[in-house]
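Please read the structure below before turning to the comments.
Lettering follows sequence order; numbering is per chain, from 1.
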Number of protein chains: 2
Amino acid sequence: MGTKYNTVKQAIMCKILDGTFQPHQKIYTESELMKQFGVSRHTVRIAIGELVTQGWLYREQGAGTFCVDRTKEESTNVSNQKNIAIITTSISDYIFPSIIRGAESYLSQHGYHVSLFSTNNSHDSEQRALKKILLSSDGIIIEPTKSALFNINIIDYLNLERQNIPYLMINAFYDELDPLSITMDDEKGGYLQTEHLIELGHTNIIGFFKTDDIQGNKRMKGFLKAHREYGVTIDPHNIVTYNSEEKSTKPVEILREKFNIDGDLPTAIVCYNDELAIRLLDVIREKKLQVPDDISIVGFDDSFMASVTEVKLTTIQHPKSKMGEKAAKMILDIIKEVAGSHKKARDIGESIVIEPELIIRDSTKQMHK
Amino acid sequence: MGTKYNTVKQAIMCKILDGTFQPHQKIYTESELMKQFGVSRHTVRIAIGELVTQGWLYREQGAGTFCVDRTKEESTNVSNQKNIAIITTSISDYIFPSIIRGAESYLSQHGYHVSLFSTNNSHDSEQRALKKILLSSDGIIIEPTKSALFNINIIDYLNLERQNIPYLMINAFYDELDPLSITMDDEKGGYLQTEHLIELGHTNIIGFFKTDDIQGNKRMKGFLKAHREYGVTIDPHNIVTYNSEEKSTKPVEILREKFNIDGDLPTAIVCYNDELAIRLLDVIREKKLQVPDDISIVGFDDSFMASVTEVKLTTIQHPKSKMGEKAAKMILDIIKEVAGSHKKARDIGESIVIEPELIIRDSTKQMHK
DNA sequence: CCGTATTTGTTCGTATGTATT
DNA sequence: CAATACATACGAACAAATACG
């Protein structure tokens, strides 16, 4: 403080902050400042020099000294970069790339850039990612890891709240946190899958659900609800649950087994997602069964997989890149609002639940009597 | 250059770089420098002042001026974060997620995090991304945009070199830059695709190649080479080129046309990649033709698409996540080496060319006589 | 612990060069 | 072309912190 050049520096900074000097506007000349503060030119130059290196002003020889446009840069994070983090379970997961693309596209158009973290379904990695993000990001979009299990990283999420860094969960959320979120109505989705088959006359429907995330549990709930509402009884053996680690083995084995033992074969399959549907299609082909003539199958997500095979899958629409875009927009809106006022990030924004829609293609067919 | 303080500045920097001044060692006093260079104290102070703001030196009143320890904080970037950027053409491109996953996994295990930029095949976005990266990243992995066209952003790439930020191109590279790269031997790949079909007795082979990237051009070259070496003449109409914007329309239309006109139908198809193969499979199904009985088809990349359909595709193996991992490792190795010595990033590391391998599945078959 | 020499920090004055208007 | 404004450079003085005998 005590120094003269510091006085000059503070005075100029004030005028920038209170709007006397607008972006790109010329400020006083060196000689004007000399008179105003009664100091030597050298002193004025030191003051201006420091403001230049700190990014407040820029000088143009022969023209003058000008105010930098700082409106574009405000951020809580250390690096002065506008940065949004995305944490996902698995980057190469079949629908996640689309979600990321939607978000990245919106964010980069608005001057932000995207940091990517993959948890590979491990809470440990999630924690590591959160720690790093705390220092470097203005906002976070998270796809929770194993959302159905108790989450150990609550402390880190609460830390985010303390630092007023907005976060948003997509696809699922940790219930305990009651966070802002964009999700599908998965229960309704499961209901629609099942209802469609029941309406086609199927009564022996087998359902496969991944139950270490919330989506799977809710879809299963919808599966049960549809049965109940239509008065169709369920054979408990027709509900198959599995978790992430087993996804490429257990469901396939169980279906194969089902086909091998004689008895009432299911006439339709409800799948947790398209990826699983494709896997099960292989088993059906092995048995020389025809889809949809011998057996109907419904997927979930409407991924490109659904329309890649010879039988185009009946499935549930997932907004994918739109979801990423919505998430990105919501995060930026919150950041803007927090910056403008003194609100807490926690109190802004409202969760969105997307209504699922059934897309009927060629993998489902009226039951033959 | 011309200024005296710049001369002094350069001289001091030299002594820091060549090791005369070790970290935390006291450098010459201001008066010593005045004598050495025959300049005023003012001039010396300007020189030192700039080196201080640039992070090379620090001053202690009463004690002297000292050399900063740059081995620790290395990071040339402003934010003190360990950060690697990945620039891709399209995040949701079908094999890129795997590449990113491989890279992300390796990098996060080594304490780095990943910033993601998507160019959507536009040079403009690429440029915006490069500008941002210049400030915030320690290294860059790039999948070049439209690699076959002349690249406008050379200046930005040269800027990277000037700032000694290592970069690495994967899948393809801009020839003019002669950069470090990890690529497939695409020519050999195209050769293997074609050779396989020729050895199966096919002589009327149609090839589809995306020619706004280098990969496509090289694969086409391999296609031609195989024909030439095996003494099979090519009907010029059997070479179809398209670019990114047309990928979902032109090849499909041309194949459909081909089927509609009578005459010598091709008995085999060489595809730029699996994605195209899947698209063309739809056209083949439309015409009620059987793969591989009526027509053989070869993909490229061995993506999950290759084994999702009812006919498992014969295709060329692509290392995908391994490639991402290799790229990540190479970048970190370079960063480490640059930090330890005073080498230029440009001069470290050697490009890798991955040998393609043919994976024979069910979509190709011996020609019937 | 004190005092002195050394070294950087701040400030002034002055002069000349160069780019912009 | 002249006036203006920043860029570079020299010289001098005193203040404040540190190092060392």
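- Residue A:L51 contributes atom CG, which lies 16 Å from atom C1' of D:dC6 at whole-angstrom precision.
- A close approach under 4.0 Å does not occur between any side-chain nitrogen or oxygen of A:T29 and OP1 or OP2 of D:dT4.
- More than 12 heavy atoms of other residues, nucleotides or ligands sit less than 6.0 Å from atom NZ of A:K9.
- Going from atom CZ of A:F66 over to atom C1' of D:dC6 covers 10 Å, rounded to whole Å.
- B:S137 contributes no side-chain N or O that, together with a main-chain N or O of B:I140, makes up a donor-acceptor pair within less than 3.5 Å.
- Checking the phosphate oxygens (OP1, OP2) of C:dT7, no side-chain nitrogen or oxygen of B:T65 falls inside 4.0 Å.
- Atom P of nucleotide C:dT10 and atom CD1 of A:I46 are separated by 7 Å, given to the nearest angstrom.
- Between A:R59 and D:dA5 there is no side-chain polar atom (N or O) within less than 4.0 angstrom of OP1 or OP2.
- Defined by atom type and a distance below 3.5 Å, a donor-acceptor pair is missing between the side-chain atoms of B:N217 and B:T211.
- In this structure, A:I48 and A:R59 approach most closely via the heavy-atom pair CG2-NH1, 3.8 Å.
- Rounded to whole Å, the distance from CD1 on B:I48 to P on C:dG9 is 9 Å.
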Report task. Sugar-phosphate atoms are those with a prime plus P, OP1 and OP2; base atoms are the rest. Using that split, label each nucleotide of nucleotides 12-21 of chain C B, S or - for protein heavy atoms under 4.0 Å, 5' to 3'. Result -> BS-B-BBBB-
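- Rounded to an integer number of Å, the gap from CG of B:L33 to P of D:dA9 is 15 Å.
- The distance from atom CD of A:E30 to atom C1' of D:dT8 is 12 Å, rounded to the nearest whole Å.
- For D:dA7, one of the phosphate oxygens OP1 or OP2 lies less than 4.0 angstrom from a side-chain nitrogen or oxygen of A:R45.
- A donor-acceptor pair under 3.5 Å is absent between the side-chain atoms of A:D138 and the main chain of A:I84, judged by distance alone.
- A donor-acceptor pair is defined here as one N or O able to donate and one able to accept, closer than 3.5 Å; no such pair exists between the side chain of B:E325 and the backbone of B:A103.
- Rounded to whole Å, the distance from CD on A:E50 to C1' on C:dT10 is 12 Å.
- Side chain to side chain, A:T65 and A:K26 fail the donor-acceptor criterion of an N or O pair below 3.5 Å.
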